[in-house]
A.B. asks: 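Can you read through this structure? Questions will come right after.
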There are 2 protein chains.
Amino acid sequence: MSESRDMLREVFRETGRRLTSQRCLILDVLEASDEHLDAEAVYELAKDRAPDISLATVYRTLTLLREMGFVEEHRLGEGHCHYEAVHEEPHYHFTCRKCGKVIEFDAPLISRIRRDLSQREGVKITKAHLHLTGYCRDCQDRETSGDPV
Amino acid sequence: MSESRDMLREVFRETGRRLTSQRCLILDVLEASDEHLDAEAVYELAKDRAPDISLATVYRTLTLLREMGFVEEHRLGEGHCHYEAVHEEPHYHFTCRKCGKVIEFDAPLISRIRRDLSQREGVKITKAHLHLTGYCRDCQDRETSGDPV
DNA sequence: GTCCATGCAAACTGTTTGCACGCGC
DNA sequence: GCGCGTGCAAACAGTTTGCATGGAC
């Protein structure tokens, strides 16, 4: 654990940033959780180990870690962001419109889509978000409200 | 034009809603634009034709039209939503991280991904959002800031 | 010791809501 | 005329920022 933090420290130093206890802690919290935490949840979990930490620091650190590529930000549709430590493999999300349950999945076909678009439009794609919505197994019979005509 | 509004009126009546001038106007604005407007932009455009319209009405109407399936809401990552009148064909988005340019594209392979996940997880998928980010042709040489390590 | 990072509180943006009036039906 | 929809302003949620203090290096 501590040797991985040393590597981390070096990455920070190279870019003129400091590895503070708060930044360590927030990264720990994200790595320890395999859920998609929002800023408030990260804040609550961090407070358990550092009661004085502030929500502003959580936001600043999440932005920083995102810029450095250590965490990913997802907007799954509820007006606030979710964060998670980066995995090696890309993965995507399904969200149930009824109960909010999130299912993660992989979809290798996305790489074909990326390649096609890159070639056709001459763009360089750095990130793909695929977000499916619908009704999970448990909610399917009750999909009453707020749906297309 | 007016006969299409009559059809619209009927859809509203069936669900106990009223087709007000504001609702018409907002739908007009969205249909007239082939861009992705945010609520503020819809508000500004609507004010040209109805100076007394309020931003609250714009939000309420956008929510309503989304629930009725007439418009789609996109969260392309900047902390506010974009809206557009529904097209028949599904389409997806690429956003340039540098200049914000949006390219729309189709990706028929998505239907395979949808089918796979539905079968594997037993979910019913009603909507797919694919959002690619990266650098457009013009911005590729200057992709300096804020990128993964 | 230097200067970046933090905590606090206030500001800010995008969105929602309570209420009395107005308009579609 | 009944009741949904509107405009207005205030409230709200999530996030950002200014400033003085504190901690990493």
Side-chain angles (χ1 to χ4, degrees), chain A residues 2 5-6 8-27 29 36-44 46-47 49-68 70-71 73-83 100 146, chain B residues 2 5-27 29 36-44 46-47 49-68 70-71 73-83 146:
Chain A
S2 80
R5 290 292 99 126
D6 284 350
L8 196 61
R9 170 165 289 113
E10 203 152 317
V11 178
F12 271 70
R13 240 215 4 248
E14 285 168 4
T15 51
R17 305 178 223 256
R18 293 170 186 178
L19 185 56
T20 62
S21 61
Q22 293 90 335
R23 290 175 175 181
C24 258
L25 171 55
I26 288 168
L27 195 52
V29 164
H36 304 80
L37 303 174
D38 58 22
E40 191 68 33
V42 172
Y43 177 52
E44 290 303 327
K47 265 206 299 197
R49 286 162 60 190
D52 281 345
I53 201 170
S54 87
L55 186 55
T57 296
V58 171
Y59 275 107
R60 281 189 279 232
T61 303
L62 288 172
T63 301
L64 178 70
L65 293 174
R66 171 166 53 82
E67 285 176 359
M68 297 180 77
F70 292 123
V71 309
E73 186 185 83
H74 298 286
R75 298 179 179 259
L76 297 178
E78 301 117 43
H80 62 294
C81 300
H82 289 197
Y83 300 86
Chain B
S2 81
R5 291 290 99 126
D6 283 351
M7 275 177 46
L8 196 63
R9 170 165 290 112
E10 203 153 316
V11 178
F12 272 69
R13 242 219 359 250
E14 285 168 3
T15 51
R17 305 178 223 256
R18 293 173 185 176
L19 185 56
T20 63
S21 60
Q22 292 91 334
R23 290 174 176 180
C24 257
L25 172 56
I26 288 168
L27 195 53
V29 164
H36 305 80
L37 303 175
D38 59 22
E40 191 68 32
V42 173
Y43 176 52
E44 290 304 326
K47 263 205 301 197
R49 284 163 59 190
D52 281 345
I53 200 170
S54 87
L55 186 54
T57 296
V58 171
Y59 275 108
R60 280 188 280 232
T61 303
L62 288 172
T63 301
L64 178 69
L65 293 174
R66 172 167 51 81
E67 285 175 359
M68 297 180 78
F70 292 122
V71 308
E73 185 186 83
H74 298 286
R75 298 178 179 261
L76 297 179
E78 302 116 41
H80 62 295
C81 301
H82 289 198
Y83 300 87

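Computed from a predicted structure; not experimentally measured. Computed from heavy atoms alone, side chains included, the values below leave out hydrogens, waters and symmetry copies.
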A.B. asks: Rounded to whole angstroms, how far apart are CZ on R23(A) and P on dG7(C)?
C.D. replies: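 From R23(A) CZ to dG7(C) P: 11 Å.
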A.B. asks: My understanding is that only residues two or more places apart in sequence, or in another chain, count here; which of them pass side chain to side chain contact (heavy atoms under 4.5 Å, CB included) with S21(A)?
C.D. replies: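 Per chain and number, S21(A) pairs via side chain to side chain contact (heavy atoms under 4.5 Å, CB included) with no residue.
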A.B. asks: Indicate whether OP1 or OP2 belonging to dG24(C) is found under 4.0 Å from a side-chain N or O atom of Q22(B).
C.D. replies: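 Answer is no, no contact under 4.0 Å.
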A.B. asks: What salt bridge (Lys or Arg N to Asp or Glu O under 4.0 Å) pairs are there with at least one residue in residues 49-59 of chain A, not counting sequence neighbours?
C.D. replies: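 Counting only pairs at least two positions apart or across chains, the salt bridge (Lys or Arg N to Asp or Glu O under 4.0 Å) contacts touching residues 49-59 of chain A are D28(A)-R49(A).
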A.B. asks: How does protein contact run along nucleotides 15-25 of chain D, one letter per nucleotide 5' to 3', with B for base contact, S for sugar-phosphate only, - for none, heavy atoms under 4.0 Å?
C.D. replies: BBBB----BBS
A.B. asks: Using whole Å, what does the distance between atom P of nucleotide dT15(C) and atom CG of L64(B) come to?
C.D. replies: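 Those two atoms, CG and P, are 17 Å apart.
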A.B. asks: In whole Å, what is the span from the CD atom of E73(B) to the C1' atom of dG14(C)?
C.D. replies: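 Distance, rounded to whole Å: 12 Å.
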A.B. asks: Can you measure L25(B) atom CG to dT6(D) atom P for me and round it to whole angstrom units?
C.D. replies: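 Roughly 11 Å, once rounded to whole Å.
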A.B. asks: May I have the distance from L62(B) (atom CG) to dT6(D) (atom P), rounded to whole angstrom?
C.D. replies: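 L62(B) atom CG is separated from dT6(D) atom P by 12 Å.
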A.B. asks: Measure the distance from CG on L8(B) to P on dG24(C) and round it to the nearest whole Å.
C.D. replies: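 The answer, rounded to whole Å, is 15 Å.
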A.B. asks: Taking OP1 and OP2 of dC8(C), is either one under 4.0 Å from a side-chain nitrogen or oxygen of S54(A)?
C.D. replies: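 Checking dC8(C) against S54(A), no side-chain N or O comes under 4.0 Å of OP1 or OP2.
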A.B. asks: Kindly compute the distance separating CG (L65(B)) from CZ (R60(B)), expressed to the nearest 0.5 Å.
C.D. replies: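 Those atoms lie 13.5 Å apart.
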A.B. asks: Starting from the first five and the last five pairs of the helix from dG1(C)-dC25(D) to dC25(C)-dG1(D), work out the angle between the resulting helix axes, to 10 degrees.
C.D. replies: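 About 40°, once rounded to a multiple of 10°.
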A.B. asks: Under the side chain to side chain contact (heavy atoms under 4.5 Å, CB included) rule, collect the residues that match up with E44(A), sequence neighbours excluded.
C.D. replies: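 In terms of side chain to side chain contact (heavy atoms under 4.5 Å, CB included), with neighbours along the sequence ignored, E44(A) is linked to E40(A), K47(A).
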A.B. asks: L37(B) has an atom CG; how far is it from atom P of dG14(C), in whole Å?
C.D. replies: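 Those two atoms, CG and P, are 15 Å apart.
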A.B. asks: Report the relative orientation of the aromatic rings in F70(A) and F12(A); use parallel for angles under 30°, tilted for 30 to 60°, perpendicular for over 60°.
C.D. replies: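 The rings of F70(A) and F12(A) lie parallel, inter-plane angle below 30°.
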A.B. asks: Rounded to whole Å, please give me the gap between CZ in F12(B) and P in dC23(C).
C.D. replies: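 To the nearest whole Å, that distance equals 19 Å.
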A.B. asks: Test of understanding: with ring-ring contact (aromatic ring centres under 6.0 Å, His included), list the residues that count as partners of H82(B), not counting sequence neighbours.
C.D. replies: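 For H82(B), the residues satisfying ring-ring contact (aromatic ring centres under 6.0 Å, His included) (neighbours in sequence not counted) are H80(B).
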A.B. asks: Hey, does T57(A) have a side-chain heavy atom less than 4.5 Å from the side chain of T20(A)?
C.D. replies: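 When only atoms from C-beta onward are counted, T57(A) and T20(A) do not touch, as no gap falls below 4.5 Å.
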A.B. asks: Between L8(B) and L27(B), is any pair of side-chain heavy atoms under 4.5 Å apart?
C.D. replies: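 Yes; the side chains approach each other to less than 4.5 Å.
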A.B. asks: Is there a side-chain contact between I26(A) and V71(A) (heavy atoms, below 4.5 Å)?
C.D. replies: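 In short, these two side chains do not touch, never coming nearer than 4.5 Å.
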A.B. asks: Could you say whether G16(B) or V58(B) is positioned toward the 5' end of DNA chain D, judged by the nucleotide with the nearest heavy atom to each?
C.D. replies: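 Result of the comparison: G16(B).
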